[in-house]
Each structure stands twice: as structure tokens, then as C-alpha cells.
Visitor: 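What follows is a structure written as C-alpha cells; I'll ask about it next.
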Amino acid sequence: MADLAHAVHGPRDGPVVLLVHGFPFDRGMWRFQVGPLTQAGYRVVVPDLAGFGGTEGSFTTVEEAALDLLQLLQRLRIPKAVVVGFSMGGYVAQALAAVSPKSVAGLALVDTRAEADSPEGKAKREATIASVQQNGTRALAMAMIANQLTEGTRDSERLLTAEVRTMMLKQSKPGVLGALAAMRDRPDRRDLLKGLQVPALVVVGEKDGVTPPAAAQVMADLLRCELVTIPGAAHLSPMERPDEVNEALLGWLKATLPAAAQS
Ligand code: MLT
């Protein structure tokens, strides 16, 4: 088990929102969400999963990462949180709902999917693992940037693009290798989502090529919940189109778990 580095923002008595980052990122990817959510009265917990950001070690199954989150919630004496998971963070959020449904007050799945990796997907993970073992994480990070932000954003928002690239480049090799194995081996969660009885939301970038809108539709159908498509966003919608993502999250949060807004 890993002791997760984390930050807690917002009022102590606000409903808790747990933001779970994607791959190969850390809690920095949520920086545009933290302010608006705390101002709306939510207590926001943002961890770094094992091997990412300020947390050492690694995790090799999504359940292990979910148990790390559970331990963090217990340490913070938080019995229940609304869990918002982006991409790999969405796989971990679904694992948390599987291992400890009572800890999940609501589930927002952002640019992620319910299905396991296909055989081709698993073979691609294997190739990526071999390449990272041999050459380190740099080539992977450099190759991944094109999927995170649209070409227009990469051309016009150089600072944001550099920030995203830097975040990907700084993640540890053991963290990256462990997470790749965890994503390769994660189970299909369609039955889980079908049976979940919590408020849910699905958000996807219109141009997400990693976890495309069709995968988001599958989750929304299973969860019987709203699907919000973010115009002009690729995979990393919380950073590429933060205002639209915040509007979707806050609209849903206020309807399902109201908080007293902060002045
Ligand atoms: C992520 O964005 O967290 C991952 O790239 C998702 C994946 O590879 O399945």
C-alpha cells in the first residue's frame, strides 16, 4: 500500500469530491477544477496515485490503486466521497466502486471507458512496457501529447501544451510501468456500472481519440445518466476546456449533492 501525497482544499464541512488523475499525470491536471469546486462549497481531495507526482512506489492493479484511495479517505476520516476519475483515474474510480461501493457517494467518469483492453490493446501495452523498460518514459510522453490536446490547442496554447508535456515527462519509471500493467489487466466494468445505484455523470471530449464518445455513450447507457460532450476538446478535456468541464461537473454536483457556496 502507498501513502498517497495529496492536497485537501475547501471547507471542512463541504461534501467531499475526490479527483483521480489519469496517465501519465498527477494531481496537477486538476488545477483548473480545484478553485471553482471549492468556491461552490465542496471539499476537494486531490491525490497523486502511487508512482506519480509526490507519491513514491507504484501500483500494478487498479484495485491496488483503489485501496490506496480508500486508505487515504480513511486517514482523512471521510466515509464517502463523490469520485471524479479521468481516464486511468476513471478505471481506478470504477475499481473503488467495485471494492468499496459504500465509499462512493457519486461517480463522474471523464474521458474514460468501462471495457477492458482488447487483445490488440493489451499487445500495445506490452510493446509500450518493453519500450519504457529499455528507453525510459521520454519517448512515451512525447508520443502521447498529440492525443491529449487538439492540434489547434497545441498550436495556439503553447504554455498549456508545455505544461502538459512537462507533467508527463516528470513521472517515475516504476509508476509508469506499474500503471501500464494495471491498465492492461483491468477487468471489464460494464456489469458493475449497470448495477450501480449512485448518481453518475459521464463527460467526454468531442475529439477524444483515446476513449472516444462512443465509449462514453456505453457508460452513460449503463449508468442511466447524462452524457456531456465537450466541444473542441481531445482526451485531456479538464485542461483543454476547463470552463465547460467545470460547468458540467458543478451542474451535476449541485443537482445531486448540494453544498453551501463559499463567499
Ligand atoms: C489515460 O489517459 O489515463 C490513459 O492513457 C488511458 C489509457 O491508456 O487507457
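Both ligands and their constituent atoms are indexed starting at 1 by order of listing. Numbering of residues begins at 1 and proceeds along the displayed sequence. Computed from a predicted structure; not experimentally measured.
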Visitor: Do Gln171 and Thr137 have side-chain atoms, one donor and one acceptor, less than 3.5 Å apart?
Guide: no
Visitor: Verify, without hydrogens or angle tests, whether His21 (side chain) and Leu49 (backbone) share a donor-acceptor contact under 3.5 angstrom.
Guide: yes
Visitor: May I ask you to identify, for Arg125, whether its side chain, its backbone, both or neither come under 4.0 Å of ligand 1 on a heavy-atom basis?
Guide: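 For Arg125, only side-chain atoms sit under 4.0 Å from ligand 1.
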Visitor: Should the proximity of Phe25 to ligand 1, defined as any heavy atom under 4.0 Å, be assigned to the side chain, the backbone, both, or neither?
Guide: neither
Visitor: Less than 4.0 Å between a side-chain N and a carboxylate O, is that true for Arg189 and Glu63?
Guide: yes
Visitor: Where is the nearest protein heavy atom to atom 9 (O) of ligand 1: which residue, which atom, and how far?
Guide: Tyr91 OH, 2.6 Å
Visitor: Can you tell me if CZ on Arg138 sees more than 12 non-hydrogen neighbours from other groups inside 6.0 Å?
Guide: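 No - once you tally the heavy atoms of other residues, nucleotides and ligands closer than 6.0 Å, there are 12 at most.
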Visitor: What do you reckon, is CD of Gln71 surrounded by more than 12 foreign heavy atoms closer than 6.0 Å?
Guide: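 Enclosed.
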Visitor: Would one find an N or O of Met144, backbone or side chain, under 3.5 Å from an N or O of ligand 1?
Guide: no
Visitor: Examine Gly22 against ligand 1 and note whether any of their N/O atoms are separated by less than 3.5 Å.
Guide: no
Visitor: With heavy atoms of His235 as the reference, note each atom of ligand 1 found under 4.0 Å away.
Guide: 1 (C), 2 (O)
Visitor: Starting from atom 4 (C) of ligand 1, what is the nearest protein heavy atom, named by residue and atom, and what distance separates them?
Guide: Ser87 OG, 3.4 Å
Visitor: I'd like to check which ligand 1 atoms, numbered from 1 as shown, lie under 4.0 Å from a non-hydrogen atom of Met88.
Guide: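 So the answer, numbered in order with elements, is 1 (C), 3 (O).
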Visitor: Assess whether side chain to side chain contact (heavy atoms under 4.5 Å, CB included) is satisfied between Leu250 and Leu37, documenting all intermediate values.
Guide: CA-CA 7 Å; Leu250 280 169; Leu37 289 176; 3.6 Å; yes
